[in-house]
Amino acid sequence: MSTLLRFRPLTARSSVRPFTLNTHHQPDSAVSAQHAIYISNSTNPYFNLTLEDWLFRHKSPSDPLLLIYRDEPCVVIGRNQNPWKEVNFDALRWHPGVPFIRRRSGGGTVYHDLGNTNFSIHLPRTSFDRHLTAQIVLRAVRALGVATAALNERNDICVGADKVSGSAYKIVNKRAYHHGTMLISTRLDTLGDLLRPKDKDSMITRGVASVRSPVCNLQQYDTNITHEAFTAAVVNEFRKEYGVNEQPCIIHDTDDVKNVEYIRKGMAELPTWDWAYGQTPGFTHTINRAFPWGDVSAEIRAKHGVILDCSIKAVTSTSHGAVLEAFGQSFYIGKRYGFVENDEGAVNEVKQIADVKVWLRGAMS
């Protein structure tokens with residue numbers, strides 16, 4: 001795999017010319033892994049997440065790389081997370097066109113929109129230090145005039161008690177990356193609505209849970225901070241840190257790029273049920289409901305998005321116990337959690353079963 005650049009030591013920092021993002025930097029017509037700095041002009045989250053993965057897999061393991069991009073509104077969960085535990089699907093339905101996407105790295109759930117800028121720093125595994133890469137972005141924020149910005153114990157960037165940037169990581173045999181968000185002017189009300197799932201406290205999951213933190217935008221401290229200004233600041237700090245002098249490669253999601261086989265397949269995979277839901281670690285959801293005819297408890301156990309067991313018990317009515325227990329085992333096992341259609345088997349259905357169907361469908365949404 002050929003490269004244009006080699007990893008340079010920290011001593012090269014003073015010789016790098018400052019970079020300013022402007023319209024004179026022409027986009028590349030085809031994608032190549034030979035550059036050190038990439039800025040995506042696409043706002044398609046499926047494209048940008050797949051581009052990031054393509055660069056991670058195709059860049060020389062010995063060379064540093066920076067990718068910066070923004071996305072249209074979407075919710076992005078970590079590779080090992082449970083979407084029902086992380087996303088408020090009721091609120092998501094009130095935002096048509098806003099998808100949730102499972103990314104290929106770990107970490108917690110985040111909200112993307114055009115007021116949020118994403119950065120991704122790729123390095124050889126042997127020299128990867130998440131505190132050092134966080135310091136690069138921190139210096140960029142401080143260079144924009146937010147002097148009180150600091151790192152917390154998780155290497156998130158905070159201003160006071162509020163987080164402006166969260167991070168996630170991926171580490172493989174020879175390569176690692178640190179990627180994160182930077183809240184500049186994002187819709188914090190929408191972020192809050194979509195990332196607060198309802199009535200899922202009793203869901204016990206083997207997946208990674210997000211760490212909830214108060215957040216704020218950089219524009220709360222300086223209204224002149226923009227995506228372009230932040231991008232230029234991060235590029236400058238990255239270039240100084242690694243002695244990179246080349247101009248950024250500007251990427252558009254043109255057909256020739258999207259038709260690269262790996263990118264085409266990756267973009268097609270992300271919205272599929274098998275990837276978005278089918279990668280969910282095992283979990284157990286225990287819920288209770290009082291009906292006019294009696295109290296009911298249900299314990300649903302699922303893995304990879306498929307219901308493995310459903311135990312429904314009548315707590316206060318012994319007359320319905322056997323019927324409900326048999327119904328849970330026969331109707332739900334093997335079905336996709338959250339995608340069970342209530343009209344299945346509805347002919348001559350007793351009221352208690354019909355009521356439980358409606359209840360469980362709502363609980364699994």
Side-chain angles (χ1 to χ4, degrees), residues 46 74-96 98-104 106-111 193-210 212 268-291 295-315 323-346 349 352-365:
Y46 298 106
C74 60
V75 175
V76 182
I77 70 171
R79 173 70 177 82
N80 301 306
Q81 289 197 294
N82 181 325
W84 295 283
K85 188 76 172 176
E86 300 294 332
V87 182
N88 186 332
F89 282 99
D90 283 339
L92 197 65
R93 282 187 277 272
W94 286 97
H95 293 81
V98 177
F100 99 85
I101 306 171
R102 184 186 299 275
R103 63 177 179 268
R104 294 181 172 90
T109 298
V110 292
Y111 172 70
D193 289 343
L194 298 181
L195 303 192
R196 291 194 188 102
K198 294 182 178 179
D199 303 323
K200 294 299 189 290
D201 291 342
S202 61
M203 180 179 284
I204 307 302
T205 178
R206 295 181 181 176
V208 176
S210 295
R212 312 285 174 182
E269 179 186 47
L270 288 178
T272 63
W273 185 95
D274 286 342
W275 176 260
Y277 297 97
Q279 298 295 313
T280 304
F283 65 94
T284 300
H285 192 189
T286 304
I287 47 178
N288 301 281
R289 174 72 181 270
F291 292 96
D295 297 347
V296 176
S297 69
E299 182 179 279
I300 304 168
R301 186 167 58 88
K303 186 176 182 180
H304 301 318
V306 176
I307 298 172
L308 303 179
D309 186 61
C310 181
S311 174
I312 303 175
K313 295 182 178 180
V315 178
V323 172
L324 292 176
E325 182 70 24
F327 164 68
Q329 295 294 309
S330 64
F331 185 76
Y332 288 102
I333 291 177
K335 290 185 169 63
R336 293 175 172 181
Y337 182 95
F339 291 84
V340 178
E341 295 298 330
N342 283 352
D343 57 355
E344 297 179 34
E349 196 165 69
Q352 290 75 19
I353 289 179
D355 288 348
V356 167
K357 277 187 176 182
V358 174
W359 167 50
L360 291 184
R361 182 174 186 178
M364 287 190 281
S365 65

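What's counted below: heavy atoms across the whole structure, side chains too, no hydrogens, waters or symmetry copies.
Cys310 contributes atom SG, which lies 10.0 Å from atom CZ of Phe331 (distance to the nearest 0.5 angstrom). Put simply, CG on Leu92 and OG on Ser365 are 11.5 Å apart, with the number rounded to the nearest 0.5 Å. Distance CD/Glu86 to CD/Gln81: 4.0 Å, rounded to 0.5 Å.
Between Val356 and Tyr332, the shortest heavy-atom distance links the atoms O-OH, 4.2 Å.
For Phe339 and Tyr277, the distance between ring centers is under 6.0 angstrom.
By the 4.5 Å heavy-atom criterion applied to side chains, Thr280 and Trp84 are counted as neighbours. By the 4.5 Å heavy-atom criterion applied to side chains, Phe100 and Cys74 are not counted as neighbours. Side chains of Asp193 and Asn88 form no contact here, defined as non-hydrogen atoms less than 4.5 Å apart. The shortest distance between side-chain heavy atoms of Leu308 and Ile333 does not fall below 4.5 Å. Contact annotation: the side chain of Glu299 approaches that of Thr284 to within less than 4.5 Å [non-hydrogen atoms, C-beta and beyond].
Relative to the ring axis of Phe283, Lys303 does not place its NZ or CZ within 45° and under 6.0 Å from the centre.
In the displayed structure, Asp309 atom CG is contacted under 6.0 Å by more than 12 heavy atoms of other residues, nucleotides or ligands. Other residues, nucleotides and ligands place no more than 12 heavy atoms under 6.0 Å from the CZ atom of Arg206.
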task: Could you please spell out the steps behind the side chain to side chain contact (heavy atoms under 4.5 Å, CB included) verdict for Phe89 and Met364?
output: CA-CA 10 Å; Phe89 282 99; Met364 287 190 281; over 6 Å; no
task: Might you work through the salt bridge (charged side-chain N to carboxylate O under 4.0 Å, His left out) test for Glu269 and Arg102, ending with a clear yes or no?
output: CA-CA 10 Å; Glu269 179 186 47; Arg102 184 186 299 275; over 6 Å; no
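In this structure, a donor-acceptor pair under 3.5 Å is absent between the side chains of Gln279 and Asn80.
Taking the six-membered ring for Trp and thresholds of 30 and 60 degrees, Trp359 and Phe291 have ring planes more than 60 degrees apart, a perpendicular arrangement.
Between Arg361 and Glu341, at least one side-chain nitrogen of the basic residue sits less than 4.0 Å from a carboxylate oxygen of the acidic one, meeting the salt-bridge criterion.
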